[in-house]
Every structure is written in C-alpha cells, then in structure tokens.
Amino acid sequence: MSILEEISENLQRGKAKAVQELVRRALDEGLEAQTILEKGLMSGMEIIGEKFKNNQVFVPEVLVAARAMNMGTAVLKPILVQEGSKPIGRACIGTVQGDLHDIGKNLVRMMLESRGIEVIDLGTDVAPESFVATARDQDCQLICCSALLTTTMGSMAEVVKLAEEAGIRGRVKIMVGGAPVTQAFCDQIGADVYTSDAASAADAAAALLRAGRETEKQGKQEFRSPAR
Ligand code: B1M
C-alpha cells in the first residue's frame with residue numbers, strides 16, 4: 001500500500017493521530033503538500049462521502065473522519081500558506097446558517113491564505129447578517145460563503161440582499177461555493193463568482209482583488225483593493 005493510500009485508509013477509519021504522522025512522513029519522503037492533500041486526504045474523504053450516501057457509514061464515523069481530515073490538513077497548512085507576506089486583500093468566510101460542514105470551507109480559507117489574502121473565518125452556521133456586518137465593519141473586499149446542504153444554500157441569497165441593503169455591494173464581491181452550489185444558482189441569486197473547488201476559489205479571489213486595484217488606480221470609487 002502506498003503512503004497516500006495509507007493516509008486515505010486511516011482517514012476513513014478516523015485515526016487522526018496516524019493520519020497526522022503519515023502526512024508528516026509523506027512530506028519527509030518528498031511528496032508535495034498538494035498531492036498529499038488531494039490524493040491522500042481528499043480522496044479518503046470522498047470514499048467516506050460515498051459510503052455515507054449509501055448508508056454504509058453513519059454520522060459518528062463521518063465525524064471522526066472529518067476530524068482526521070482537519071488534523072491532517074493542519075500539518076500541511078504552513079507549507080501551503082506563505083506566512084508573513086503583505087496581504088493583497090481581506091476576505092471573510094463562513095459556512096452559511098444552519099450548516100455545520102466546515103472541511104471545504106477550511107480548504108478554501110487555506111487556499112486564499114496561500115495567495116496572500118487575509119481571511120476572517122466566521123466558522124459555521126453563520127447568519128447572513130454576520131457576513132455583511134463583518135465585511136462592512138472590517139473592510140473586507142470579499143465575502144465567501146460555503147454551503148453543503150441544499151436546505152441551507154438559500155441563505156446565500158439573503159447575504160446578497162443584505163449586502164445590497166447595507167450599501168456595500170459596490171465595494172464587496174460575493175463568492176459562493178460548496179457541493180450543491182452551481183453557476184446557475186450563483187447567477188440566480190446575484191452573487192459575483194461561483195467556483196467548484198478551493199484552488200479555483202483562490203484564483204478567482206486573487207483576480208478580483210487585482211481587478212479592484214486596477215479600478216482604484218483609475219480613480220473609481222467602486223470595488224477597491226485594501227492592501228495597506
Ligand atoms: Co453531511 N451531508 N450531513 N456531514 N456530509 C453531505 C453534504 C451529504 C451530501 C451526504 C449525503 O447524503 N450524500 C448530505 C447533503 C444532502 C443534500 O443536502 N443534498 C449531508 C447531510 C444530509 C448531512 C446531515 C443532514 C446528516 C444528518 O444529520 N442526518 C447533517 C447536517 C448537519 C448540519 O450541517 N446541520 C450532516 C452532518 C455531517 C457531519 C457533521 C457528520 C460531517 C461534517 C463534519 C465537518 O464538516 N466538520 C458531514 C460530512 C463530512 C459530509 C460529507 C460526507 C463530506 C463533506 C466534505 O467535507 N467533503 C458529505 C458527502 C459528500 O460531500 N460526498 C455530506 C470534502 C470537502 C473537501 O468537500 O465541502 O464539498 P466540500 O468542499 C469542496 C467544494 O465544494 C469547494 O471546495 C472544496 C474542494 O476543494 N467549496 C467551495 C466548498 N466551499 C466553497 C466555497 C467557495 C468555493 C468552493 O467559494 C466561497
């Protein structure tokens with residue numbers, strides 16, 4: 001069994017400590033952090049997801065696997081995220097109201113940070129009002145909403161509506177994602193950007209912040225980059 005398969009296996013069995021040790025060993029053996037993330041940790045989580053769907057495993061097993069996933073990614077974080085560089089912008093991120101899934105949101109956060117974006121993590125079960133108040137009060141250029149449940153994704157529409165009502169829509173871009181979210185849904189609720197995975201979310205966020213800086217240079221009032 002390869003070390004990536006071992007990581008996946010141990011994650012599925014919820015062996016958080018073993019996962020952490022294996023991730024460290026894989027790094028020592030020279031494997032790329034991104035490869036360990038995708039082919040070890042995420043692939044294990046995908047298998048658990050499939051088993052959960054087919055009623056082969058249940059909430060407790062999924063919970064311990066999720067914990068192992070988060071502990072494994074914690075080892076990779078310092079490598080994937082460049083510390084100490086000047087931020088290119090600021091985002092707030094959270095999983096929407098009623099939704100407790102945080103693995104995808106944590107990955108998006110990590111990828112944003114790896115692109116030099118400062119991130120305020122609001123956690124899970126975040127009320128639309130909190131997203132908007134944070135963006136307004138803490139001068140965020142991006143609001144990033146994650147949802148994993150079809151029953152909670154509607155809360156993203158409320159974030160867009162409240163941002164409009166708060167008068168910050170011109171300077172804040174709203175990004176949405178998560179398994180049930182689609183481009184069509186993003187268009188329907190009037191959010192700015194939908195991306196299907198964490199790396200694309202980081203690319204899109206960096207592009208938005210670059211565009212904001214250009215707008216600022218041209219002396220326009222709208223969406224601007226912070227970098228101060
Ligand atoms: Co839940 N759960 N869960 N669960 N869970 C799903 C989502 C489900 C699809 C499983 C299934 O039935 N097949 C299903 C949802 C069905 C639906 O609505 N269509 C489901 C359900 C029903 C539930 C409960 C209702 C179960 C119950 O209690 N009976 C319950 C709800 C609790 C709640 O939130 N109120 C529940 C609970 C849980 C656990 C607590 C046990 C656990 C979460 C633990 C945790 O997160 N700390 C859990 C898990 C782990 C899952 C599965 C198995 C895995 C989700 C995951 O972490 N995937 C999931 C099945 C599945 O997805 N196959 C399932 C890995 C992660 C990396 O992917 O989050 O999609 P994901 O993130 C991706 C992209 O979506 C994207 O980037 C990431 C990859 O790069 N992305 C963004 C995410 N956010 C983004 C934001 C962006 C851009 C991209 O821009 C801002």
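Order of listing sets the numbers, starting from 1, for every ligand and every atom in it. Given the structure is predicted, the values throughout are model-derived calculations rather than measurements. Side chains included, hydrogens not; waters and symmetry mates left out as well; all remaining heavy atoms used.
At a threshold of 4.0 Å, the pair E158-K161 counts as salt-bridged, since one of the basic side-chain nitrogens sits closer than that to a carboxylate oxygen. Salt-bridge formation is detected for the pair R109/E113: a Lys NZ or Arg NE/NH1/NH2 atom is positioned less than 4.0 Å from an Asp or Glu carboxylate oxygen. Under the 4.0 Å criterion applied to side-chain N and carboxylate O atoms, D99 and K105 are not assigned as salt-bridge partners. Using a 4.0 Å cut-off between a side-chain N of Lys or Arg and a carboxylate O of Asp or Glu, K53 and E50 qualify as a salt bridge.
Between C92 and T134 the shortest heavy-atom distance is CB-CG2, 3.9 Å. For the pair D139 and R171, the tightest heavy-atom approach, listed with the atom from each and the gap, is OD1-NH1, 3.4 Å.
Listed by chain and number, M42, M45, G49, F52, K53, V59, V62, L63, A66, G98, D99, L100, H101, D102, I103, G104, L107, V108, C144, C145, S146, L148, L149, T150, M175, V176, G177, G178, A179, T195, S196, D197, A198, A201 each place a non-hydrogen atom less than 4.0 angstrom from ligand 1.
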